[in-house]
Amino acid sequence: VFFFQAEDGIRDFCLSRGLGDVFKRQDVHSRDVVDKFVKQKVIDKEAFVWQSQLKFTWEKTKDNEMAQRQMLRFPWEKDKERFKCIIKMVDWFRFYSFEYVGNCGRLVITPLTDRCYITLTQALNLTMGGAPAGPAGTGKTETTKDLGRAVGLPVVVFNCSDQMTYQTMAQIFMGLSQSGSWGCFDEFNRISIEVLSVVSTQVKSVLDALKEKKAIFSFMEDQISLSDTVGFFITMNPGYAGRTELPENLKALFRSCAMVVPDLVPICENMLMSEGFLTARDLARKFVTLYDLSRALLSKQKHYDWGLRAIKSVLRQAGKLKRSEPGMNEDPLLMRALRDFNMPKIVTDDKPIFVRLLEDLFPGHNPPAKVNADLKKQIMQTTKAQGLLPEEMFCLKVVQLSEILEVRHCCFVIGPPGSAKTTIWKTLAETFRFIGQELEYETVSPKAVTSDELFGYMTKSREWRDGVLSNIMRNQLKNQEKYKETQVHKWTILDGDIDPEWIESLNT
């Protein structure tokens with residue numbers, strides 16, 4: 001059973017805390033860079049370790065220096081007497097582009113992030129596209145977006161699917177070329193091979209125009225303007241189901257960058273510091289060690305995830321606990337977050353191993369689980385009202401589902417037939433209603449219809465036809481049909497087997 005929970009309100013993001021996180025991450029990176037220079041005894045400004053850092057300088061430009069690199073579009077760019085913000089990385093440099101990026105968070109800068117930055121900026125230097133490749137959750141898309149924020153350019157992310165045609169791709173390329181934005185094409189190798197063959201010609205025509213420094217060029221029989229800040233980036237998960245091999249002439253237009261293993265310890269350390277933990281470095285090592293050992297020692301279940309995305313969810317939960325109990329010792333607090341968040345997904349045979357790993361990493365600590373006693377009591381009453389036995393494990397699973405929905409918009413309820421999956425979410429729904437939280441849900445069998453009928457599709461006349469899911473989501477968002485603004489919870493329940501054919505397109 002797959003859940004999607006829609007929320008009416010977007011939580012206000014604290015401005016000062018958001019800015020503090022960004023400054024903290026930048027300062028920690030600067031500290032680590034200086035530390036590295038001291039250890040390597042770097043004293044020359046021409047040394048590669050210094051040249052390879054993304055640097056911002058405030059200076060006047062020499063004659064024709066920037067004109068050879070980029071089109072000078074604005075009067076201030078052409079003014080030789082005016083100080084300007086210039087971004088440099090190795091031998092790539094250009095003006096900061098002043099796109100408004102808002103108060104969004106920034107990535108933790110690790111050696112892998114730096115390596116990806118160098119590859120992508122050198123790809124731009126060579127008038128090529130960038131192609132970070134690697135397994136899910138290694139930061140391919142986020143690194144591309146973060147580099148765009150750093151240079152002050154808009155980055156538009158497209159989730160590719162097999163529904164994309166060469167006409168839709170042409171429209172996207174025309175928009176990017178004229179606006180000068182970066183386009184990040186996620187899961188690029190999901191596009192069918194016939195379309196990719198034409199895409200290679202489309203990308204090449206844009207890159208050739210950039211090499212020739214044209215202001216207007218011919219694209220698909222149309223004359224369009226060209227902004228030289230445009231960039232194309234593709235991310236791929238090689239070897240996954242429903243993927244195609246890129247044609248050789250398309251591969252040649254992109255500079256690849258392998259992103260396989262993210263640097264988890266510095267990421268954990270930075271995020272723990274952002275959440276207010278004082279002993280972040282030691283706790284980060286324990287955190288990553290637990291996940292590494294769990295990956296190695298626990299059974300290989302399909303729903304286990306010991307990667308970066310799972311780590312971020314637990315860190316957010318730990319930060320929530322830290323703010324609710326600021327006086328509590330940090331070791332048992334993190335142990336509680338790790339135990340309470342992970343135990344619901346661990347199968348019975350693996351639980352003793354996971355508990356022993358926790359006890360070894362956090363010796364002498366066994367904090368009590370933080371359970372919402374009122375909710376549990378209400379769940380037991382609701383279970384009895386349904387004519388069911390309020391068995392301890394059943395009630396615990398209902399509580400765990402409610403806890404997961406507090407920190408995630410989506411979750412899976414997994415188990416063999418007859419293990420009370422449907423009864424668990426129905427009991428939680430009735431409990432929410434009983435305590436005065438209005439709730440409405442829609443149940444869909446995802447494999448009863450085709451992928452196009454489930455998600456929607458474009459007709460040959462380029463008209464959009466709604467699918468089952470897009471129709472439900474629109475109704476939930478606009479409070480149409482049975483949905484109302486007063487409803488706290490709006491669920492879409494996909495009740496059926498998980499299949500790559502439909503689960504992949506949920507990204508989009």
Side-chain angles (χ1 to χ4, degrees), residues 120 123-124 126-133 140-141 144 148 154-257 450-452 455-465 467 500-501 504-505 507-508:
L120 298 184
L124 294 169
L126 298 166
T127 323
M128 296 173 73
K140 303 180 295 295
T141 309
T144 306
V155 182
V156 189
V157 180
F158 302 94
N159 285 102
C160 299
S161 74
D162 50 9
Q163 289 186 13
M164 282 186 157
T165 63
Y166 76 92
Q167 292 105 324
T168 56
M169 295 301 289
Q171 292 290 323
I172 292 169
F173 291 139
M174 286 170 79
L176 294 173
S177 301
Q178 291 175 92
S179 65
S181 308
W182 284 4
C184 180
F185 298 88
D186 229 2
E187 313 291 357
F188 190 68
N189 50 351
R190 287 189 66 207
I191 302 172
S192 61
I193 189 72
E194 297 84 3
V195 177
L196 288 176
S197 301
V198 184
V199 166
S200 63
T201 312
Q202 294 170 340
V203 173
K204 191 173 187 305
S205 68
V206 178
L207 296 179
D208 286 347
L210 282 172
K211 285 175 186 171
E212 293 165 20
K213 295 187 170 16
K214 290 182 177 178
I216 295 174
F217 76 110
S218 176
F219 183 85
M220 299 285 285
E221 300 181 352
D222 286 324
Q223 292 291 319
I224 62 169
S225 61
L226 177 65
S227 177
D228 70 334
T229 55
V230 65
F232 303 126
F233 303 91
I234 59 175
T235 69
M236 296 176 291
N237 289 331
Y240 279 36
R243 302 296 197 275
T244 46
E245 182 68 25
L246 295 191
E248 289 300 321
N249 59 344
L250 186 57
K251 279 184 188 174
L253 302 174
F254 290 90
R255 197 156 188 259
S256 59
C257 173
T450 64
S451 185
D452 282 0
F455 293 104
Y457 62 97
M458 281 277 194
T459 62
K460 289 184 179 177
S461 59
R462 302 184 59 74
E463 290 180 22
W464 174 254
R465 288 280 183 273
E501 287 299 313
E504 280 285 349
S505 297
N507 242 352
T508 320

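Residue M164 holds its CE atom at 11.0 Å from CG of L196, rounded to the nearest 0.5 Å. Rounded to the nearest 0.5 Å, atoms CG (D186) and OG1 (T141) are 3.5 Å apart. We find the SG-CD distance between C160 and E187 to be 8.5 Å, quoted to the nearest 0.5 Å. To the nearest 0.5 angstrom, Q178 atom CD is 14.0 Å from F173 atom CZ. For the atom pair N159 CG and T235 OG1, the distance stands at 8.5 Å (nearest 0.5 Å). The OG atom of S451 sits 6.5 Å away from the CD atom of Q163 when rounded to the nearest 0.5 Å.
Nearest approach of V155 to G148, heavy atoms of both residues: CG2-CA, 3.6 Å. Smallest separation of non-hydrogen atoms from L210 and S227: CD2-O, 4.4 Å. In terms of heavy atoms, A209 sits closest to L226 at CB-CD2, 3.7 Å. Heavy-atom minimum distance, Q202 versus A170: NE2-CB, 3.5 Å. Here the closest heavy-atom approach between residue A123 and residue G129 is recorded as CB-O, 3.6 Å. Heavy-atom minimum distance, S200 versus S197: OG-O, 2.7 Å.
Between the side chains of Q167 and T165, a donor-acceptor pair is found at a separation under 3.5 Å.
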Run the side-chain contact (heavy atoms from CB on, under 4.5 Å) check on I191 and V199 step by step: do they pass?
CA-CA 10 Å; I191 302 172; V199 166; 5.5 Å; no
Would I172 and F185 satisfy side-chain contact (heavy atoms from CB on, under 4.5 Å), going step by step from the backbone distance to the final call?
CA-CA 10 Å; I172 292 169; F185 298 88; 3.7 Å; yes
Check the pair F188 / F158 against side-chain contact (heavy atoms from CB on, under 4.5 Å), numbers first and verdict last.
CA-CA 9 Å; F188 190 68; F158 302 94; over 6 Å; no
Show the numbers, then the answer: is there a side-chain contact (heavy atoms from CB on, under 4.5 Å) between L124 and W182?
CA-CA 11 Å; L124 294 169; W182 284 4; 3.5 Å; yes
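Between L207 and F254, every side-chain heavy-atom pair lies at or beyond the 4.5 Å cut-off. The side-chain heavy atoms of Q223 and F217, taken from C-beta on, include no pair separated by under 4.5 Å. Within the 4.5 Å cutoff, no side-chain heavy atoms of Q171 are placed close to those of M220. A heavy-atom distance below 4.5 Å is found between the side chains of M236 and L246.
In K204, the NZ atom is not crowded: 12 or fewer heavy atoms of neighbouring residues, nucleotides or ligands sit closer than 6.0 Å.
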